[in-house]
Amino acid sequence: MLSRRSVLQTAALTLGAPFINRGRFSLFADSGTEYSTRTVDLVRCSTVIDMLGLLTLDYRKLSAWEADPTRFGQADFLRLKNSGTTVFHPAVGYTGGDIYAESLRDIAGWNTFIEAHAGHFERIEKAADFQRVKALGKIGILVGQQNSAHFRSVDDVNRFYDLGQRVSQLTYCGNRLGGGCSDPLDYGLSEYGASVVGRMNEIGMAIDISHCGDRTTMEAIETSRKPVLITHSNCRALVPGMARCKTDEAIRCMAAKGGVMGITMVRAFVGRAGRVTIEQVLDHIDHIVKLVGVEHAGVGSDVDLDGRDAPVRPAKKFDLDGIDYAKKIYDLTEGLLRRNYSSPDIELILGGNFQRALAETWNV
């Protein structure tokens, strides 16, 4: 059991954080931003799960880490650790070429990387692993895919489960299973897609519908016997016309099945007009909480610690205004406190809700 005092001392020592008067910390050496002791306490005591948390968006770097794990150093680990995230779900979606082979290569790469850095990382395979990695001070990797086209047959669900995959998004764009949100027409969950959902339920692989079209979203929730996850999406009520965001009807049905929705920090899905900041991210969390309850809100940032924008005058802006993504968990927690969320509710949003839903989904 971690005491509040030990947590704050560890946080300060790990991050080199000087204690500031009036109960605030300046946690990051390259920033004057201060965080309340309550924020630091919550982040350090919580098992923080980012259900689309990426170690890096530089996929050349990631490939190099997987091909030669020695290229990932202690400084890389500490940067991830200091972000406050306990468990990353760094799923990608292969949509062209040999999707089966690419997905195999991706999961094999993660397994090699985790094995090479066993002192720092652990693959999340069962519910007990969340608390295990937290207690050991490790980072958890939850292996998943953002497109289930690699399931050539329902038996492939078992094959990939045996390799360590525990989450699969049904569609990135339209495939044999169903429709994607970017498709001109969504024909819904196919008979084959329903069979895959059934097999995923049977063996304990979590179903993700973040990119699914509206009809496929509703039919997948209806078909599943277990909670269905929206790992990284936002509320369409706050971004009208944005197909990648979910309708209130879908959010209600997801919640009724016990699911959780992770809020993303990608600009276009947060807001459109003027400045788009962490405050609008908090608005999406507020919307879910008012609609279906705090038990169904989580984090699925869909970004790494550096953001997506090009360093100089990006042609298209993907990032929020005024944010340093390396500090996003602390900024989010501080914002939830400003909006008078209780500490137990913040712990649920930061990871407790996804822990519960995954425990109800997995068979171990």
Side-chain angles (χ1 to χ4, degrees), residues 10-11 13-17 27-31 43-44 47-94 97-126 128-146 150 159-167 301-311 324-330 351:
T10 300
L13 290 171
T14 301
L15 294 168
L27 287 179
F28 297 88
D30 61 346
S31 170
V43 174
R44 293 296 164 178
T47 300
V48 179
I49 303 173
D50 189 339
M51 278 302 290
L52 197 61
L54 306 169
L55 273 63
T56 179
L57 279 159
D58 183 343
Y59 291 110
R60 288 186 179 180
K61 178 189 287 187
L62 180 60
S63 295
W65 287 347
E66 292 178 345
D68 181 5
T70 63
R71 297 179 70 172
F72 180 91
Q74 182 70 6
D76 297 309
F77 171 73
L78 288 176
R79 190 162 185 255
L80 293 170
K81 181 75 174 171
N82 290 344
S83 73
T85 300
T86 314
V87 176
F88 292 81
H89 173 228
V92 294
Y94 296 101
D98 190 337
I99 296 173
Y100 176 82
E102 287 297 308
S103 300
L104 275 178
R105 181 199 58 76
D106 179 63
I107 293 175
W110 279 114
N111 288 339
T112 298
F113 177 83
I114 293 166
E115 184 178 358
H117 296 286
H120 290 328
F121 292 91
E122 192 161 314
R123 193 174 69 196
I124 301 294
E125 298 183 355
K126 55 187 181 297
D129 291 342
F130 290 113
Q131 291 307 316
R132 174 180 164 80
V133 296
K134 183 69 176 179
L136 293 174
K138 294 184 179 182
I139 289 174
I141 300 295
L142 181 52
V143 175
Q145 294 288 298
Q146 281 197 62
H150 64 312
R159 293 190 185 101
F160 279 88
Y161 181 91
D162 290 342
L163 292 172
Q165 184 180 353
R166 290 297 181 270
V167 183
S301 69
D302 200 1
V303 71
D304 63 1
L305 306 188
D306 298 302
R308 296 175 179 272
D309 287 349
D324 180 344
Y325 282 110
K327 309 176 182 74
K328 60 182 178 286
I329 297 300
Y330 288 93

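On a predicted model such as this, the values are computed, not experimentally measured, just so you know. One is the number of the first residue; the rest follow in order along the sequence.
Proximity of the aromatic rings of Phe72 and His117 is defined here by a centroid distance below 6.0 angstrom, and this criterion is met.
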side-chain contact (heavy atoms from CB on, under 4.5 Å) assessment of Gln74 paired with His120: CA-CA 9 Å; Gln74 182 70 6; His120 290 328; 3.0 Å; yes
Under the side-chain hydrogen bond (donor to acceptor under 3.5 Å, both in side chains) criterion, do Tyr100 and Arg159 qualify, and how do the steps go? CA-CA 11 Å; Tyr100 176 82; Arg159 293 190 185 101; 5.3 Å; no
Apply the test side-chain hydrogen bond (donor to acceptor under 3.5 Å, both in side chains) to residues Glu102 and His150: give CA-CA distance (whole Å), side-chain angles for both, the deciding distance (0.1 Å), then the verdict. CA-CA 8 Å; Glu102 287 297 308; His150 64 312; over 6 Å; no
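With hydrogens and angles ignored, the 3.5 Å screen pairs a side-chain donor or acceptor of Lys81 with a backbone N or O of Gly137. Side-chain N or O atoms of Arg123 include none that pairs as donor or acceptor with a backbone N or O of Gly140 at under 3.5 Å. No donor-acceptor distance shorter than 3.5 angstrom exists from the side chain of Lys134 to the backbone of Val87, with no hydrogens or angles considered.
Counting non-hydrogen atoms of neighbouring residues, nucleotides and ligands closer than 6.0 angstrom, the CZ atom of Arg132 reaches no more than 12 such neighbours. In Arg105, the CZ atom is crowded: over 12 heavy atoms of neighbouring residues, nucleotides or ligands sit closer than 6.0 Å.
Taking both residues in full, the closest heavy atoms of Gly144 and His89 are given as CA-NE2, 3.6 Å, listed atom of the first, atom of the second, then distance. Here the closest heavy-atom approach between residue Asp106 and residue Gln145 is recorded as OD2-NE2, 2.8 Å. Taking every heavy atom of both residues into account, Gly164 and Val143 meet most closely at O-CB, 3.6 Å. Of all non-hydrogen atoms in Trp110 and Pro90, the two that sit nearest each other are CZ2-CG, 3.5 Å. Considering all non-hydrogen atoms of both residues, Ser103 and Tyr94 come closest at OG-CD1, 3.8 Å.
Residues in residues 47-67 take part in these side chain to side chain donor-acceptor pair (under 3.5 Å) pairs, two or more places apart or across chains: Thr47-Gln131, Asp50-Ser301.
How far CG of Leu163 is from CG of Leu104: 6.5 Å, rounded to the nearest 0.5 Å. In this structure, the separation between CG on Asp306 and CZ on Arg79 is 4.0 Å, given to the nearest 0.5 Å. Rounded to the nearest 0.5 Å, atoms CD1 (Ile107) and CZ (Phe160) are 5.5 Å apart. Note that the CZ atom of Phe88 and the CZ atom of Phe121 stand 8.0 Å from one another [nearest 0.5 Å]. Between atom CG of residue Leu80 and atom CG of residue Leu305 there is a gap of 5.5 Å, rounded to the nearest 0.5 Å. To the nearest 0.5 angstrom, Ile139 atom CD1 is 12.0 Å from Glu122 atom CD.
Paired with Ile124 under the rule side-chain contact (heavy atoms from CB on, under 4.5 Å), one option of Ile49, Ile141, Val167, Val133 passes, and it is Val133.
Under the side-chain hydrogen bond (donor to acceptor under 3.5 Å, both in side chains) criterion, Asp68 pairs with Thr70, sequence neighbours left out.
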